[in-house]
Amino acid sequence: MTKILKDTRVFTVNPNIDVQDVNFQNRFGFVLAGHLYKPLNFEEGNKYAAIVISGPFGAVKEQSSGLYAQTLAERGFVTLAFDQSTTGESSGNVRNIASPDIFTEDFSAAVDFIGMQDYVNREKIGALGICGLGSHVLTAAAIDKRIKAVATSVMYDMGESMWQGIDGSKTPKQQDIEGDYLAEQRWHDAENNTHEGGPHELPFDENDQPIHLTSILPDKLDEDADPVTTDFFHYYKERAFHPRSVNSNGAWAATTPWSYYNFSL
């Protein structure tokens with residue numbers, strides 16, 4: 001049985017599932033890191049259905065996507081959980097900068113890789129996106145006819161969420177202010193040769209002023225935190241904390257919304 005070199009998965013590992021570290025390249029030249037799971041009771045010579053998996057937005061393969069991959073491998077699928085470009089163990093000189101185009105391509109690159117395995121049936125390759133990457137996997141499946149089945153879990157449209165705000169809470173005035181905020185952030189990064197971290201879903205105070213955050217989640221949960229933030233905190237900061245996860249340990253580049261406003265998922 002092949003083991004991953006250093007097991008840092010945050011879920012209960014099934015020791016009967018064969019899993020290995022893999023790397024593959026997307027068409028932009030980023031090298032993606034993944035965990036390839038063979039199905040339970042794998043037999044040489046068989047051709048298996050396969051599923052590529054990534055998400056949530058800001059998570060790593062050692063978290064939710066790995067658990068999905070292992071669970072589906074227990075049910076007979078070859079699965080691949082992978083880190084998006086610039087995140088986790090995947091390449092990218094600039095870290096944690098999201099791109100709707102590149103992240104969508106990453107799913108097709110994962111299909112390239114898994115379809116090259118001689119024990120995979122190329123006519124039975126599916127793709128699964130979790131949370132914010134659900135909108136990316138649907139976009140990939142819309143053009144990549146090699147993806148024969150597509151599924152999402154708690155999916156939402158990242159671009160719409162950034163631009164409209166949670167439940168459509170962002171006003172036209174705030175959207176205009178955000179354009180100025182992002183433009184100033186671009187000047188700041190250019191002048192300082194930086195890619196400063198910040199909120200990918202820009203919040204505003206009661207005076208319509210942008211709130212600049214250096215971490216997606218606080219180090220300590222407020223007593224009056226809303227239920228969604230509370231659940232995110234307990235998962236990413238506590239029971240499933242991982243040092244390579246954007247959600248656990250930092251923030252996206254502050255200019256991340258820039259490309260999402262030009263790319264409709």
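For reference, positions follow the sequence shown, starting with 1.
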Inset, instruction - Anything under 30° is parallel, anything over 60° is perpendicular, the rest tilted; go ahead and classify F232 against Y236. - result: tilted
Inset, instruction - Scan side-chain atoms only and decide if E178 and Y261 contain a donor-acceptor pair under the 3.5 Å cut-off. - result: yes
Legend entry - Residues H188 and E196: side-chain donor-acceptor under 3.5 angstrom: yes
Legend entry - Between D189 and T194: side-chain donor-acceptor atoms closer than 3.5 Å: yes
Legend entry - Under 3.5 Å side-chain donor-acceptor pair for S259 and N262: no
Legend entry - Any side-chain donor near an acceptor of the partner, Q174 and D208, under 3.5 Å: yes
Inset, instruction - Could you tell me whether F77 and Y37 have their ring centroids closer than 6.0 angstrom? - result: no
Inset, instruction - Apply side chain to side chain contact (heavy atoms under 4.5 Å, CB included) to A110 and list each qualifying residue two or more places apart in sequence or on a separate chain. - result: F24, V52, L80, F82
Inset, instruction - Is it possible for you to check whether K38 lies under 6.0 Å from the centre of the six-membered ring of Y119, through NZ or CZ, and within 45° of that ring's axis? - result: yes
Legend entry - Polar contact flag, side-chain donor to acceptor under 3.5 angstrom, T8-H242: yes
Legend entry - Pairs meeting criterion salt bridge (charged side-chain N to carboxylate O under 4.0 Å, His left out) with involvement of residues 48-61, two or more places apart: K61-D83, K61-E89
Legend entry - E201-S161 side chain donor-acceptor pair, cut-off 3.5 Å: yes
Legend entry - Distance flag, aromatic centroids of Y260 and H136, threshold under 6.0 Å: yes
